[in-house]
There are 2 protein chains.
Amino acid sequence: MKENYTIKDIAEMAGVSKGTVDRVIHKRGKVSPAALEQVNKVLDKIEYKPNPIAKSLKNNKNYNISILLPDAEADPYWEPCYEAISQVENEFSHFGIKIHKSLFKPSSTKSFKKAADALIDSKPDAILMVPLFYIEAENVAKRCVEADIKIATFNNYIKDHKINFEIGQDLFQSGRVAAKLFNMLLGKSGSIAILHIDEAFQNASHMQEKERGFKDFFNLNKKLDFKIDVHNLKKESKITFDQTIENFLKSIDPIDGIFVTTSKAYLIANHIATYTPDSVIIGYDLVSENIKYLEENKIAFLIHQDPKKQVYLSLTNLIEFFLFDKPLQESVLLPIDIINTENFPQYLN
Amino acid sequence: MKENYTIKDIAEMAGVSKGTVDRVIHKRGKVSPAALEQVNKVLDKIEYKPNPIAKSLKNNKNYNISILLPDAEADPYWEPCYEAISQVENEFSHFGIKIHKSLFKPSSTKSFKKAADALIDSKPDAILMVPLFYIEAENVAKRCVEADIKIATFNNYIKDHKINFEIGQDLFQSGRVAAKLFNMLLGKSGSIAILHIDEAFQNASHMQEKERGFKDFFNLNKKLDFKIDVHNLKKESKITFDQTIENFLKSIDPIDGIFVTTSKAYLIANHIATYTPDSVIIGYDLVSENIKYLEENKIAFLIHQDPKKQVYLSLTNLIEFFLFDKPLQESVLLPIDIINTENFPQYLN
DNA sequence: AATTTATGTGTGTTCGAGCACATTTTTATT
DNA sequence: AATAAAAATGTGCTCGAACACACATAAATT
């Protein structure tokens with residue numbers, strides 16, 4: 001019934017040779033109508049699927065996958081991605097998979113472009129990238145399609161139907177998750193500041209989506225009465241980034257909640273005791289500085305975007321596509337993990 | 001440098017035939033000291049790992065994996081496990097993997113035993129089970145080892161070093177997660193009831209671990225002043241389970257928080273408005289009844305144990321072990337997911 | 001020295017898919 | 001009817017690991 005048939009089996013059943021069966025399956029022509037019918041009759045009956053292992057062995061190709069992501073020196077948020085890469089390399093190197101890591105400076109469009117150009121020139125089988133710069137990333141995607149390179153993205157999205165695989169989080173919804181948490185912690189009313197803290201605003205669309213979701217939650221819940229202010233904080237000239245933050249806190253009235261849309265919540269948590277000690281902070285990402293303040297109860301919750309999982313799943317999806325013809329999933333949304341002092345360790349593996 | 005060498009390559013380098021190399025690698029003897037040294041010299045230099053795909057093709061075996069879990073008719077908690085099974089079947093049937101599902105009644109030790117006996121008699125390559133009944137499960141594990149059947153567990157643990165793969169959650173820690181959530185919602189003091197709601201107390205150890213973790217959190221935080229009561233609720237004779245719950249609520253004073261250690265939080269949420277409307281409820285598991293009350297804000301948080309993921313990972317781990325010799329991970333702890341109204345949909349896939 | 005036994009060593013086949021190439025059969029052309 | 005061209009079909013090899021088996025060489029026995 002649900003046996004695993006081989007081409008040889010089919011050939012016998014149809015009374016032809018395996019060569020003919022092969023031609024039918026791959027629609028290579030050079031088959032008489034009579035033989036075609038015989039083979040198709042068998043094929044209809046048994047639902048043949050070629051043995052993926054045999055197929056892979058015959059194919060016996062090495063696959064090069066390049067991954068283009070920001071330098072973790074500039075932002076430790078990307079560190080876990082490196083771990084995922086090593087892990088995948090270890091698991092799949094003996095399957096003929098080679099992964100090449102290429103870094104760019106998250107503050108420099110030029111550095112992204114340069115690294116991307118080099119990658120495309122090296123003609124890998126696939127490129128996985130963080131499309132931090134929209135227009136440039138679209139251009140990369142376009143050139144990949146032309147050069148027959150599979151293209152995948154993670155962490156950010158570009159609206160581009162050429163992308164073969166994309167993974168990330170529903171950022172709008174993650175804003176709503178944060179809003180709900182504030183709602184539960186603060187009750188029916190209060191004042192909350194949304195802080196977009198970023199050195200160079202590369203994450204503009206990221207931050208805006210979160211803000212939209214956050215506001216959406218409070219707008220749709222008519223019983224709630226929250227005052228929400230938005231502040232863009234970037235590095236001011238002549239002083240440190242940290243001082244910029246401190247100056248900001250000095251300038252505002254005490255508030256009930258602070259929602260930091262980037263991984264920089266620790267910069268606020270650092271000064272909270274001095275300026276607005278009762279503020280509840282919710283931020284993003286399990287970078288070590290954030291975890292430190294989480295454990296000190298200066299950050300209430302963190303939302304985890306799991307960059308490591310994003311990279312792991314992207315790479316394994318591509319690999320299984322290359323090796324075993326598993327279809328690429330196109331678009332994957334990861335869960336929005338809520339993190340407190342007690343459950344963060346399990347998310348760090 | 002990091003090339004993929006074949007046995008043929010090694011044979012050439014060592015100046016012997018592939019048969020000899022094969023005998024060295026598999027320590028089958030019948031090799032002269034001189035040839036042995038030659039081959040080992042090459043082997044040391046290149047770090048040979050056999051091509052897992054070729055190995056798998058040569059092996060060309062069908063693997064039968066049996067899974068023994070409770071009937072979802074009795075408890076919808078298990079429903080997602082069935083989905084995981086279907087998913088794995090679809091993904092791996094063409095790799096020669098056959099999965100056989102066997103159900104038992106979670107209230108009946110006898111039914112577990114009977115199903116387990118039948119499974120062992122059918123001599124599958126592996127059995128994945130929910131070890132709901134400790135002693136019986138230990139016995140199953142023992143007999144699997146004797147019959148050379150790989151044995152894996154999920155959802156519950158048995159302290160048995162014979163288990164080849166086990167997956168679940170750190171239940172003690174999940175109790176602490178719940179405690180922290182109450183702490184954040186209720187502040188520095190309050191009264192909380194721990195409710196063990198279960199029709200037959202099969203989950204005794206489960207519930208106790210969660211209780212221990214929960215209490216541990218409050219005991220270690222000396223600044224907190226919480227009154228914690230524990231109640232075991234099981235079905236009373238002559239009335240429905242639902243009525244039993246109602247009677248309980250009538251009998252107690254209003255409380256600030258209710259921690260339900262099982263998936264039955266909905267039974268409480270159902271009556272909360274009548275008896276103790278301001279109580280905050282935290283429970284376990286994304287069963288549809290719980291989600292309903294979560295959306296109505298009658299349940300504050302749910303903790304997700306992801307039974308689907310447990311089954312999926314168990315099966316894929318076993319499969320990759322059989323097909324590609326990937327080592328079994330032995331013990332896997334899943335993250336303790338915190339769920340509110342905004343992030344539950346992403347966890348249901 | 002002749003024959004048996006033990007010990008090495010290499011060759012050839014299998015797993016299933018895929019494709020090149022050789023061979024046979026059919027159709028078209030003189 | 002004879003030959004050429006085209007179409008259809010089958011055979012055989014490859015991918016890499018694993019192992020059976022045949023063959024060679026050396027050591028032990030009569």
Side-chain angles (χ1 to χ4, degrees), chain A residues 3-43 46-63 92-97 322-326, chain B residues 3-40 42-43 46-63 92-97 321-326:
Chain A
E3 221 182 302
N4 277 319
Y5 294 94
T6 70
I7 285 196
K8 207 177 150 193
D9 294 332
I10 298 168
E12 271 171 33
M13 289 186 235
V16 296
S17 74
K18 66 196 184 92
T20 302
V21 174
D22 184 71
R23 276 182 289 267
V24 172
I25 289 168
H26 294 92
K27 301 198 173 103
R28 265 198 272 277
K30 317 233 167 189
V31 177
S32 69
L36 185 79
E37 204 199 306
Q38 287 298 317
V39 175
N40 275 331
K41 208 183 281 176
V42 177
L43 247 35
I46 60 160
E47 249 192 296
Y48 169 76
K49 262 277 181 181
N51 181 329
I53 294 171
K55 210 168 166 176
S56 186
L57 176 63
K58 179 74 231 303
N59 193 17
N60 197 37
K61 238 190 91 171
N62 283 316
Y63 292 95
F92 291 99
S93 66
H94 303 110
F95 287 83
I97 302 292
F322 285 131
L323 292 181
F324 303 120
D325 284 331
K326 290 210 185 167
Chain B
E3 222 183 301
N4 277 318
Y5 294 93
T6 70
I7 286 195
K8 207 177 147 194
D9 294 332
I10 298 169
E12 272 171 31
M13 289 187 234
V16 296
S17 75
K18 65 197 182 94
T20 303
V21 176
D22 184 71
R23 276 182 290 267
V24 173
I25 288 168
H26 293 92
K27 301 197 174 100
R28 266 197 271 277
K30 317 234 167 188
V31 178
S32 69
L36 186 78
E37 204 200 304
Q38 286 300 315
V39 175
N40 275 330
V42 177
L43 248 34
I46 63 160
E47 248 193 297
Y48 170 76
K49 263 274 179 180
N51 181 330
I53 293 171
K55 209 168 168 175
S56 186
L57 177 63
K58 179 75 230 305
N59 194 15
N60 198 34
K61 238 192 90 171
N62 284 316
Y63 291 95
F92 292 98
S93 66
H94 304 108
F95 287 83
I97 302 293
F321 167 76
F322 285 131
L323 291 182
F324 304 121
D325 285 329
K326 288 208 187 170

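The sequence lines fix the lettering, A, B, ..., with proteins before strands; numbering per chain opens at 1.
- Relative ring orientation between B:F324 and A:F324 is described as parallel, the plane-to-plane angle staying below 30° on a 0-90° scale split at 30° and 60°.
- Proximity of A:Y5 to the phosphate of C:dG16: no side-chain N or O atom is located under 4.0 Å from OP1 or OP2.
- Of the candidates C:dT11, C:dG16, C:dG8, C:dG16 carries the atom nearest the A:N51 side chain, counting heavy atoms from C-beta on.
- The side chain to side chain donor-acceptor pair (under 3.5 Å) pairs that include a residue from residues 49-58 of chain A are A:K55-A:D325, where partners are two or more places apart or lie in different chains.
- Within the structure, side chain to side chain donor-acceptor pair (under 3.5 Å) pairs that include any residue of residues 25-39 of chain B comprise B:D22-B:H26, B:D22-B:R28 (at least two apart or interchain).
- We find the CD1-CG distance between A:I25 and A:N40 to be 9.5 Å, quoted to the nearest 0.5 Å.
- Note that the first and last nucleotides of DNA chain D, 5' to 3', having any atom under 4.0 angstrom from a heavy atom of chain B are D:dG16 to D:dC19.
- Between the P atom of C:dA17 and the NZ atom of A:K49 lies a distance of 12 Å, rounded to the nearest Å.
- Here the closest non-hydrogen pair linking B:R23 and B:V31 is CB-CG2, 3.7 Å.
- In terms of heavy-atom proximity, A:T20 sits nearest to A:A35 at CG2-CB, 4.2 Å.
- Taken over five-pair windows at either terminus, the axes of the helix from C:dT3-D:dA28 to C:dT30-D:dA1 are inclined to one another by 70° (rounded to 10 degrees).
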Can you pull every protein N or O that's under 3.5 Å from an N or O on nucleotides 13-15 of chain C?
residue	atom	partner	partner atom	Å
C:dC15	O3'	B:N60	ND2	2.4

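- Between A:S17 and A:A11, the shortest heavy-atom contact is C-CB, 3.7 Å.
- Contacts of residues 20-30 of chain B with DNA chain D (heavy atom under 4.0 Å): B:D22, B:H26, B:R28.
- Checking the phosphate oxygens (OP1, OP2) of C:dT9, a side-chain nitrogen or oxygen of B:S32 falls inside 4.0 Å.
- Residues A:Y5 and A:V42 have side chains not in contact (no heavy-atom distance under 4.5 Å, counting atoms from C-beta outward).
- Using cut-offs of 30° and 60° on the angle between ring planes, the pair B:F322 and B:Y63 is parallel.
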Yes or no on side chain to side chain contact (heavy atoms under 4.5 Å, CB included) for B:I53 and A:N60, after CA distance, side-chain angles and deciding distance?
CA-CA 9 Å; B:I53 293 171; A:N60 197 37; over 6 Å; no

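- Following rounding to the nearest Å, B:H94 (NE2) and C:dG16 (C1') show an atom-to-atom distance of 14 Å.
- Looking at every heavy atom in both residues, A:N4 comes nearest to B:H94 through OD1-CA, 4.3 Å.
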